[in-house]
Amino acid sequence: MQTFKYPHLFEPIRIGGTWFRNRIFAAPTGHHDLTPEGYAKSDVVAYYERKAIGGAAAVTIGEGVVDSRYGKSGTTHTILDDPMSSHSLFNLTDAITRHGAIASVELQHAGMYANRGTAFALNGGTTAGLAYGPVECEIDGRHILPMTDEIIEETIEAFAAAALFAKQCGFGMVTIHGGHGWLITQFVSPLVNTRTDKWGGSVENRARLPVAIADAIHKKCGQGFPVEIRISGSECHEAGYGIDEGVAFAKQLDGHVDLIHVSAGSHEVREVFTVTHPSMFLEDGVNVKYAAEIKKHVKTPVATVGALSDPALMEEIIASGKADVVAIARGLLAEPDLPNKARAGRDDEIKKCMRCLSCFSALLTNGQFLCAINPETSRELDCRYEQPVREKKTVLIAGGGIGGMQAAITCAGRGHDVILCEKNARLGGALRCEEKVPFKKKLDDYIEYQIRAIGKAAVDVRLNTEVTQELAEEIAPDVIIAALGARPVVPNIKGIDGKNVMGAEDAYINPENVGKRVTILGGGLVGVELGIYLAQMGREVSVVEMLDHLNDGGNFMHMIGLEVEIAKYNIGINLNTKAVEINEKGVLGKGPDGEKLFESDTVIYAIGQKPLYEEASALRCCAPAFYQIGDCNIPKNITAATTAAYTVSKDIGVH
């Protein structure tokens with residue numbers, strides 16, 4: 001008989017009247033690449049289907065709006081009170097369930113945060129800007145109307161009707177969104193809900209709405225139909241409720257729902273976003289403690305979520321009784337095959353989410369999730385129907401950084417003969433300088449993962465080897481992929497060659513050479529993250545930036561996490577300030593209030609990267625086909641480098 005490495009994680013569980021094949025659920029994610037009516041396109045269907053193929057026991061569609069008049073939090077959500085959406089929902093549920101997973105959908109109502117923004121006004125209609133909450137109040141200049149008993153009863157019916165519609169469309173479970181600041185949280189919160197009727201006051205009254213919703217769903221859909229509810233075990237900020245209130249809330253739900261899914265935080269508090277969706281600065285499973293505490297007080301099965309990608313940790317959570325189910329969102333974007341690989345004991349083949357929040361930034365900017373380390377995310381349909389290689393090629397890759405390694409893995413996987421040359425003694429590129437940084441541990445893990453994958457592939461790796469025109473002529477490849485990267489820009493400032501000045505790379509590699517007081521020139525991600533790292537080591541850090549804002553490099557969600565750390569370590573941020581001279585005392589800067597001396601023992605420059613464009617371009621005529629990718633073309637980020645390498649490699653030998 002097969003002995004599983006993680007027996008508790010892969011033990012089936014019965015929720016309601018339904019058996020789930022393991023304890024790993026794909027947590028709700030709301031893909032925004034929908035039609036204007038809120039219908040799922042084929043690529044969205046493939047996005048959710050991929051998680052079912054990967055072995056998740058349940059796959060939950062995020063942001064299913066139960067009341068499109070008064071409940072929408074955005075313009076790109078699945079609409080559950082529109083009968084015309086049934087065909088697209090059938091496509092979704094069929095794609096998920098035919099692979100053995102249970103399809104679920106998140107039932108959401110935004111309450112006082114519904115119908116916000118200019119997009120609603122542009123869409124027209126009498127409900128644009130109109131919102132109801134537990135009590136009458138003003139939010140961002142908007143007048144929120146209190147929900148009457150009649151509206152509350154209509155809302156309960158809307159949730160139940162949406163659940164029945166979902167069941168009729170093939171969903172085997174529904175997830176009531178009762179956390180993160182949406183309508184149900186607004187009723188549960190003693191600080192928001194100040195009503196004096198049966199819907200306010202005691203915890204029993206404040207929990208009356210979600211209990212009534214769950215009971216109404218069971219009445220319409222049957223007692224055996226699984227009803228999950230997501231709650232915030234704690235709102236994790238001073239003005240919100242804590243775990244004691246979360247436990248009291250969960251106790252009211254006990255017996256009325258079939259799974260209590262314990263998350264944390266509130267979407268309306270900026271710094272709490274990176275607690276709800278843990279940043280790289282927080283430990284794995286940081287929010288499990290809330291589920292574990294609630295589980296002590298209820299009989300209903302409990303799910304936990306947040307910063308989970310290590311199957312050993314997930315096994316311990318289930319085995320020790322902290323939770324009955326682990327829900328994963330970003331971890332399955334990075335590695336949709338995580339359940340199948342964990343079940344087979346192939347831990348070293350699991351890509352673990354770096355928690356860089358590139359996915360969320362891409363979603364809110366471009367309408368689709370993009371993963372920094374998994375170029376297939378949101379391109380699942382393209383991958384399914386990729387064109388076959390017609391002619392095997394010899395591919396020479398110059399540069400063993402992020403882009404070069406991905407190109408080597410993809411080209412080898414497509415059957416090409418691959419030679420990967422790196423001029424340094426090991427693979428990994430410039431990002432290797434950050435390997436000592438605690439909050440970049442996941443990045444280092446990813447680099448090591450890629451190196452292992454290259455080792456398993458048929459790749460001829462040549463370290464300490466620079467690709468020159470002579471070497472290229474000797475190898476005579478069919479294709480050259482130049483992934484040489486970029487080098488730091490040295491600012492043209494008086495005193496830049498002083499003994500107290502160093503570049504960011506050197507500071508990362510040799511932090512012991514950095515003095516007590518540090519001034520960093522450049523407020524991009526490199527400078528800010530370096531400042532946090534040095535501050536964690538006890539340095540006094542100031543950042544000088546010429547612009548009027550810190551540069552998030554296109555990842556504005558990650559910047560939220562950085563801002564939390566900046567405040568935590570009291571890092572000085574000096575915007576609209578130009579460094580005009582460096583001397584033995586520090587940096588002379590010119591800002592809005594005139595000149596100021598930033599006293600420093602060490603000055604570090606991190607003002608940007610210069611692409612090795614000419615060096616790469618010198619190889620342009622050394623092969624019939626040539627591609628220049630990553631930072632040696634335009635310095636961007638890991639997501640861009642991985643995507644370009646993957647895409648270019650897929651094109652080779654096709655035509």
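Fair warning: this is a prediction, and the values are worked out from it, not measured in the lab. For the numbers below, each heavy atom of this structure counts, side chains included, while hydrogens, waters and symmetry mates do not.
With no hydrogens or angles considered, a side-chain donor-acceptor pair links Glu204 and Ser202 at under 3.5 Å. No side-chain N or O of Asn91 forms a donor-acceptor pair with one of Ser88 less than 3.5 Å apart. A donor and an acceptor atom, one from each side chain of Asn555 and Ser358, are nowhere located under 3.5 Å apart.
Under the salt bridge (charged side-chain N to carboxylate O under 4.0 Å, His left out) criterion, the residue pairs touching residues 362-384 are Glu49-Arg384, with sequence neighbours excluded.
Applying the side chain to side chain donor-acceptor pair (under 3.5 Å) test to Glu529 and every residue at least two apart in sequence or in another chain returns Lys440, His558.
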Requested in this report: Report the C-alpha separation of Asp43 and Lys41 in whole Å, then their side-chain angles, then the decisive distance to 0.1 Å, and conclude whether the salt bridge (charged side-chain N to carboxylate O under 4.0 Å, His left out) test is met.
Outcome: CA-CA 6 Å; Asp43 56 345; Lys41 300 177 184 177; over 6 Å; no
Report task. Give the C-alpha distance, both sets of side-chain angles, the deciding distance and a yes or no for salt bridge (charged side-chain N to carboxylate O under 4.0 Å, His left out) between Arg206 and Glu245. Result -> CA-CA 11 Å; Arg206 288 183 280 111; Glu245 195 72 23; 2.7 Å; yes
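With rounding to the nearest 0.5 Å, the separation of CD1 in Ile61 from SG in Cys169 is 12.0 Å. To the nearest 0.5 Å, atoms CZ (Phe171) and CD (Glu106) are separated by 11.5 Å.
Taking the ring centre of Tyr47 as origin, the terminal cationic atom of Lys51 falls inside the region bounded by 6.0 Å and 45° from the ring axis.
The side-chain heavy atoms of Glu153 and Thr148, taken from C-beta on, include no pair separated by under 4.5 Å.
A salt bridge does not link Glu293 with Lys322: none of the charged nitrogens is closer than 4.0 Å to a carboxylate oxygen.
Phe273 and Phe360 have their aromatic ring centers within a separation under 6.0 angstrom.
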